[in-house]
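Working notes for the structure below.
Because the structure is a prediction, the values reported are computed rather than measured. Throughout, a chain's letter reflects where its sequence line sits, starting with A, and its residues are numbered from 1.
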Amino acid sequence: MLWIKNVRMVDPSQGISAIGDLLVKDGRIAKTGERFSEEDVLAVLGVKKINQVDQVEGQGKYLFPGLIDVHVHLREPGQEDKEDIQSGTRAAVRGGFTSILAMANTKPVVDTRAMVEFVRHQAQRAGKARVYPVAAVTKGFLGQELVEMVDLKDGGAVAFSDDGKGIQSAETMRLSLEYAKLTGCPIISHCEDNNLAGQGVMRKGEASARLGLKGIPASAESVMVARDVLIAGETGGKVHIAHVSTKESVWILRAAKKLGIDVSAEVNPHHLLFTDEDVKLTNASYKVNPPLAGREDQEALLEGLLDGTIDMLATDHAPHTWEEKTRPFAETPFGINALETVLAAVWQELVLKGKMNIEKVVQLWSVNPACRFGLEGGTLRAGTPADLVLFDPAWREIITAESLESKAQNTPFLGKELQGFPIMTWVGGKIVMNRDHN
Amino acid sequence: MQWMHKDLLDIDNLTAQEIEHILQTAVPMKEVLARPIKKLPTLRGKSIALMFYESSTRTRTSFETAAKILGADITNFSVAQSSVSKGESLLDTAKTLQAMNIDLVVIRHTSSGAPEFLAEWLTAGVINGGDGQHAHPTQALLDYFTIKDHLGGFKGKKILIIGDVLHSRVARSNALGLKKLGAEVTFIGPPTLLSPEMKYLGVKISYDLDKELPGADAVMALRLQLERQQSGLVPSIREYNRLYGLTRERIEKTGKPTIVMHPGPMNRGVEIASDLADSVQSVIEEQVTNGVAVRMALIYLMIGGGTANVVD
């Protein structure tokens with residue numbers, strides 16, 4: 001039993017953005033509305049005494065449906081030195097994410113039902129965020145034979161992706177979009193042409209020329225976005241474009257949506273927060289794939305999010321060990337550790353600066369992902385699971401290696417102070433994170 | 001002038017005045033080099049480690065010679081025989097050097113930024129002996145010395161840098177300083193080896209060598225790695241040579257006693273004709289001599305006390 005009072009509830013699924021109260025009973029949202037009296041609460045929750053109800057004062061704070069991140073690398077099994085399902089889901093709820101999609105590029109890759117079930121089982125044991133496995137598209141990520149998509153879906157997979165690697169064969173992509181129709185699940189495409197990307201380590205441009213680092217041209221992404229939306233249009237398949245980073249990709253997606261192609265897309269907040277000008281030779285926490293792009297790309301991505309061309313935000317949380325990242329730039333792996341810092345960064349850099357309102361953030365990070373991937377959540381509607389985030393816009397924290405639940409610390413925010421953090425997170429009505437208890 | 005830098009990682013950290021200061025310091029160093037007994041006690045008791053992660057004959061021996069003349073002790077850290085081949089990270093190697101109280105480290109590495117990385121972790125000074133496609137500041141300094149020696153200065157001088165600019169740390173570092181010193185720099189090469197973003201350096205970009213030659217005071221040919229043909233960047237060495245190969249006939253188009261430079265090692269008959277390389281206009285061997293003098297000057301400034309008052 002839970003009574004969250006006097007809080008600004010933001011629920012774009014019902015067009016709500018107002019101060020009020022929310023009641024939780026048996027793990028589900030019982031009722032939302034304007035101020036409830038004690039009698040209302042006792043009646044709705046069916047209890048005799050008010051001390052049987054946990055009460056949370058929400059004045060000055062926001063209450064969102066739990067955020068849903070469709071792009072997370074949990075690294076288990078096989079690379080538990082970077083992250084495991086327990087540490088990754090602890091990081092998720094600390095960052096305000098109650099549901100996450102776990103990518104399949106583990107060792108071994110998640111390409112069998114047993115593996116999907118293992119991931120779900122580990123997540124249940126951890127008991128923090130809900131984890132929905134993304135299974136591979138091709139066996140062993142080899143880009144050749146398709147996985148047993150139907151069996152994998154029955155085991156709990158909600159999407160298919162060889163994320164981490166682009167599917168180079170157009171025919172393999174075409175077949176996967178056709179066969180995945182048996183499951184209703186989207187193919188998540190990691191759009192990267194290996195020939196064009198070559199040995200590049202950052203976006204090709206003036207910044208890469210200045211740093212003497214090998215560049216990845218923007219076309220390495222956008223030609224694949226064009227290919228995949230065309231194939232999706234032709235086959236009637238369902239495709240989701242991961243980590244869109246170029247303005248050309250945004251143009252293509254806008255055209256594809258006009259044509260009615262079944263495509264959705266995500267942007268990683270780091271592409272809205274940083275550009276290639278921020279890349280430093282001695283700080284590989286800015287090294288990410290797709291690489292940080294230019295100012296014009298950044299503007300196009302934001303415009304795409306605001307006009308509905310791009311459907312969601314997603315972290316692409318990619319933890320790596322300190323040893324792996326503390327090397328000369330070109331020798332380090334791609335990836336940014338994001339789950340625990342990203343909401344604060346978005347709050348501080350986008351919401352407070354007036355680039356995007358908080359309702360839009362919740363739409364992009366909770367409502368739309370739930371809808372596209374067919375997940376529970378993404379709403380404060382009565383009767384749905386009580387996956388909730390209480391967000392304090394004034395909470396400030398300095399990001400340190402010690403404070404992170406993630407095993408990794410490869411974030412550009414390390415040592416910096418951020419403002420605006422989730423302070424309590426509930427999954428299925430159960431409190432899984434409380435910052436006051438730190 | 002007091003020398004203020006712990007490290008020399010790239011030319012962009014230096015002011016024009018500081019570059020001129022190094023060049024001036026190198027003048028008496030070059031005189032020392034010409035003596036029958038080439039030895040100074042200046043850096044006796046100082047230790048310098050040479051860490052070459054990438055093959056090099058010219059740069060490594062140049063540093064070694066420079067340091068030995070100044071009386072420093074040299075540790076040659078040969079990658080093939082060291083713990084690096086056992087998987088030691090650059091960070092741990094750096095910490096090991098730190099523990100040995102080395103005064104100065106010269107590093108060459110295939111990864112851009114490796115010298116910066118090392119400099120962040122070491123209290124000892126670091127000199128970049130060439131990193132990836134990023135920077136080669138001592139090569140640039142020796143080229144400035146050579147240019148100044150022959151042309152008297154830099155203001156308004158027209159300097160052409162020709163060839164594989166895309167992969168060239170020499171071109172990049174050279175242009176950075178030449179612009180600061182007031183020269184006009186043009187990069188010339190085929191579009192596949194010369195990307196338009198190099199304009200950030202404030203240089204002119206051209207694909208046509210013959211058009212740029214008139215009025216050139218110095219031309220610098222870059223080495224064309226023969227693998228570039230296999231990777232499709234140039235269709236053939238023959239066509240490359242036809243478009244960008246320096247020959248005696250071509251160099252006459254400058255209408256001046258132009259100097260011909262090359263950072264070495266040369267592909268004779270590819271980017272430069274043999275007879276031109278051996279001609280009186282060629283300063284390629286002088287570049288090598290000047291390299292020792294400039295590196296002596298630099299090492300001296302960095303760990304020898306920091307004034308230009310050379311001990312004779």
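Residue pairs satisfying the salt bridge (charged side-chain N to carboxylate O under 4.0 Å, His left out) criterion with at least one member in residues 166-180 of chain B, sequence neighbours excluded, are listed as follows: B:Asp10-B:Arg172, B:Glu54-B:Arg169.
Contacts between residues 275-294 of chain A and chain B, defined by a heavy-atom separation under 4.5 Å, are made by A:Leu281, A:Thr282. Within residues 189-208 of chain B, the residues having any heavy atom closer than 4.5 Å to a heavy atom of chain A are B:Ser195, B:Glu197, B:Met198, B:Tyr200, listed by residue number.
Around atom CD of A:Glu417, more than 12 heavy atoms belonging to other residues, nucleotides or ligands sit under 6.0 Å away. Other residues, nucleotides and ligands contribute more than 12 heavy atoms inside 6.0 Å of the NZ atom of B:Lys6. Crowding of A:Gln199 atom CD: a count of heavy atoms from other residues, nucleotides or ligands under 6.0 Å not exceeding 12. Heavy atoms from other residues, nucleotides or ligands lying under 6.0 Å from NZ of A:Lys214 number 12 at most.
Paired with B:Ser89 under the rule side-chain contact (heavy atoms from CB on, under 4.5 Å), one option of A:Glu331, A:Glu324, A:Arg327 passes, and it is A:Arg327.
Separating the CG atom in B:Asp131 from the CZ atom in A:Phe329 is a distance of 13.5 Å, to the nearest 0.5 Å. In this structure, CZ on A:Arg210 lies 13.0 Å from OG on B:Ser112, to the nearest 0.5 angstrom. Expressed to the nearest 0.5 Å, how far NE2 of B:His134 lies from OG of A:Ser208 amounts to 11.5 Å.
Side-chain atoms of B:Leu90 and A:Pro328, non-hydrogen and from C-beta on, do get closer than 4.5 Å to each other.
For B:Glu120, the part sitting under 4.5 Å from any heavy atom of chain A is the side chain, from C-beta outward, and nothing else.
Residues passing the side-chain contact (heavy atoms from CB on, under 4.5 Å) test with B:Ala140 are B:Ile11, B:Tyr144, B:Ser173, B:Asn174, sequence neighbours excluded.
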